[in-house]
Q: 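Provided herewith is a single structure, encoded as structure tokens, for subsequent inquiry.
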Amino acid sequence: MAGYVNDVLAYTEFQILEVLSPMNIPPDSILTVQDVADYLRVNQRTVYRLVVDGRLPGFKVGAAWRFKRVDIDAWIQAQSQPARGGEAT
């Protein structure tokens, strides 16, 4: 019985994490600063700093910054690439 209860609790926890996971955001979504901060697991100030410095792709709607999920995913991929010429041989 205890094994069953633990399985149910683990499954429920997995379901909750899956629902809250930023990966469940559709690729064509428009994200807010908070969404991007949650997605990247950084502070909102970091997102503001990166976008104002032109290092993170975003656009303004009125006074608010917005981000395309596909652009953020491409930015993550670009950040993950090794620097050219910096690799040890």
Side-chain angles (χ1 to χ4, degrees):
M1 182 70 161
Y4 173 77
V5 171
N6 288 337
D7 289 345
V8 170
L9 290 175
Y11 181 71
T12 303
E13 182 179 353
F14 174 76
Q15 283 182 315
I16 291 169
L17 291 174
E18 186 178 39
V19 168
L20 296 177
S21 170
M23 295 307 293
N24 285 334
I25 302 168
D28 60 343
S29 293
I30 302 297
L31 308 175
T32 65
V33 169
Q34 181 64 59
D35 294 334
V36 173
D38 291 344
Y39 189 48
L40 299 177
R41 296 183 182 174
V42 298
N43 192 288
Q44 286 187 42
R45 283 185 239 176
T46 302
V47 174
Y48 280 116
R49 186 173 57 249
L50 289 170
V51 73
V52 168
D53 289 348
R55 296 169 44 203
L56 185 70
F59 58 96
K60 282 193 131 182
V61 176
W65 282 100
R66 295 292 183 259
F67 307 85
K68 292 181 182 179
R69 158 88 192 268
V70 293
D71 291 346
I72 299 301
D73 288 340
W75 179 84
I76 292 169
Q77 188 65 29
Q79 302 307 302
S80 302
Q81 300 300 319
R84 294 181 187 253
E87 298 180 63
T89 55

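Index from 1, following the sequence. Remember, predicted model here, so these are calculated numbers, not experimental data.
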Q: Could you give me the CA-CA distance, side-chain angles and deciding distance for Leu56 and Trp75, then say whether side-chain contact (heavy atoms from CB on, under 4.5 Å) is met?
A: CA-CA 7 Å; Leu56 185 70; Trp75 179 84; 3.5 Å; yes
Q: Please lay out, stage by stage, how Arg69 and Ile72 fare under the test side-chain contact (heavy atoms from CB on, under 4.5 Å).
A: CA-CA 5 Å; Arg69 158 88 192 268; Ile72 299 301; 5.7 Å; no
Q: In terms of hydrophobic clustering (I, L, V, M, F, W, Y; side-chain heavy atoms under 4.5 Å; direct or indirect links), are Val52 and Leu40 co-clustered?
A: yes
Q: Calculate, to the nearest 0.5 Å, the distance between atoms CG and NZ belonging to Leu31 and Lys68 respectively.
A: 11.5 Å
Q: List the steps, then state whether side-chain contact (heavy atoms from CB on, under 4.5 Å) holds for Val51 with Phe67.
A: CA-CA 10 Å; Val51 73; Phe67 307 85; 3.8 Å; yes
Q: So, taking the atom named CD1 in Ile25 and the one named OH in Tyr39, what distance separates them when rounded to the nearest 0.5 Å?
A: 7.0 Å
Q: Give the minimum heavy-atom separation between Arg66 and Val61, together with the two atoms involved.
A: CG-CG2, 3.8 Å
Q: Restricting to non-hydrogen atoms, name the atom on Asp35 and the atom on Ile30 that form the minimum distance, rounded to 0.1 Å.
A: OD2-O, 4.5 Å
Q: Measuring from Arg55:CZ to Thr46:OG1, what's the distance to the nearest 0.5 Å?
A: 10.0 Å
Q: Are the side chain of Asp73 and the backbone N or O of Val70 linked by a donor-acceptor pair below 3.5 Å?
A: no
Q: Would a hydrophobic clustering, with Ile, Leu, Val, Met, Phe, Trp and Tyr connected at side-chain separations under 4.5 Å, put Ile76 with Val36?
A: yes
